[in-house]
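First listed ligand is number 1; within each ligand, the first listed atom is number 1.
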Amino acid sequence: MDIAVIGSNMVDLITYIDRMPKLGETLEAPRFSIGCGGKGANQAVAAAKLGSDVMMLTKVGDDLFAENTLKNFQRYGINTDYVVAVKGVSSGVAPIFVDKSSQNSILIIKGANNNLSIEDIEHAADAIKKCKLIILQLEIPLSVVYYAIDFGAKNNIPVILNPAPAVPNLDINYVCKCDFFMPNETELEILTGLPVSNLEEILVAANLLISKGLKNLIVTLGEKGAVWLDGKDIHHISPYRVNAIDTSGAGDAFIGCFAHYLVKTHDILKSLNMASAFSAYSVTGQGTQVSYPDKTQFDNFMSKL
Ligand code: RIB
């Protein structure tokens, strides 16, 4: 197995809007779609679509959505031995609003994702130990994220932590144990309490985190690409210019693709450049996972650049 994703799955309820309704207002929106999402699941699917062997450790609810989520993982060849249903709890759900400029706002109801536990990691320990990389996000209990970070460190498995959605009180000692810490600029702002309205400010905030002892900090910047700080150098990852339709799940596309190429090539810079292209492709289609290209589509896209 290449990659273990220990994280969330959600059902994305995506409404395409002209504008948000005001308080007390009822407003018609032009379009709606439903799809499989959740930051953990999205990252797993992105890597699997590119050809990685991925196992998913997650919890689904006691409802109609659960079976569909399971089938969706299986459709992409993701190992579901550790996808467990929780009785009497709803699946994770994410109402998403995408505006006319393709930007998204997301609410999450964690549901069964809140039930993922340290015992679940222990139960899957032998399988996780066979993986070359662990990916984590913050849509599951923080105690489980911390346990997984220690698990990776103890077993010499590199860990990517995507601190999304951001929590201001994330324990920096655990963050420093991760091999790759990958916030977007909004998450960087919440984590540091510093402004991030331009590249200069972003680098000040990023350097504050690096000064605490992080190994690799990668800040994803949407249409502006990404920056990678490793304590010595600052690398700028160029964006790929595309006609964006829906940016939902683009950050997850970036992380899943980065993970795939990192495991295959061990070349961080190359993996980041591929991730930038992959996430650019993803914003040209609607939805989250369904907008990610498979290996053939991605190779085709890259050959035309
Ligand atoms: O990052 C995008 C994802 O965030 C969506 O798929 C939604 O489910 C939320 O988890």
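- Atom NZ of Lys270 and atom NZ of Lys264 lie 12.0 Å apart (nearest 0.5 Å).
- The line from CG of Asn300 to OG1 of Thr296 is 8.5 Å long, rounded to the nearest 0.5 Å.
- Counting only heavy atoms from C-beta outward, the side chains of Leu194 and Leu208 approach each other to under 4.5 Å.
- Taking atom 4 (O) of ligand 1 as the reference point, the nearest protein heavy-atom neighbour is Lys39 NZ, 3.0 Å.
- In this structure, Gly38 counts as a contact residue of ligand 1, since one of its heavy atoms falls inside 4.0 Å of the ligand.
- For atom 9 (C) of ligand 1, the closest heavy atom belonging to the protein is Glu139 OE2, 3.5 Å.
- Geometric assessment of Lys154 against the ring of Phe151 yields a negative cation-pi assignment under the 6.0 Å and 45° thresholds.
- Ligand-side atoms of ligand 1 in range of Asp252: 1 (O), 2 (C), 3 (C), range being under 4.0 angstrom from any heavy atom.
- In terms of protein heavy-atom proximity, atom 7 (C) of ligand 1 is closest to Asp12 OD1, 3.1 Å.
- Each of the atoms 6 (O), 8 (O) of ligand 1 lies under 4.0 Å from some heavy atom of Gly37.
- Residue Ala94 has at least one heavy-atom neighbour below 4.0 Å for each of these atoms of ligand 1: 7 (C), 8 (O).
- For Met10, every heavy-atom contact with ligand 1 shorter than 4.0 Å involves the side chain, none the backbone.
- Of all atoms in ligand 1, listed by their number and element, those nearer than 4.0 Å to a heavy atom of Asn42 are 2 (C), 3 (C), 5 (C), 6 (O).
- To the nearest 0.5 Å, the span separating CG on Leu136 from CD1 on Ile149 amounts to 6.0 Å.
- Within the model, atoms CD1 of Ile210 and CG of Leu217 stand 5.0 Å from one another, a figure rounded to the nearest 0.5 Å.
- One finds the CD1 atom of Ile255 at 8.5 Å from the CG atom of Asn184 (value rounded to the nearest 0.5 Å).
- Atom numbering of ligand 1 starts at 1 in the shown order; those under 4.0 Å from a heavy atom of Ile106 are 2 (C), 4 (O), 9 (C).
- Ionic pairing of Asp99 and Arg19 is not present here: no N-O contact between side-chain nitrogen and carboxylate oxygen is shorter than 4.0 angstrom.
- Interface atoms of ligand 1 facing Thr288, defined by a heavy-atom separation under 4.0 Å, are 6 (O).
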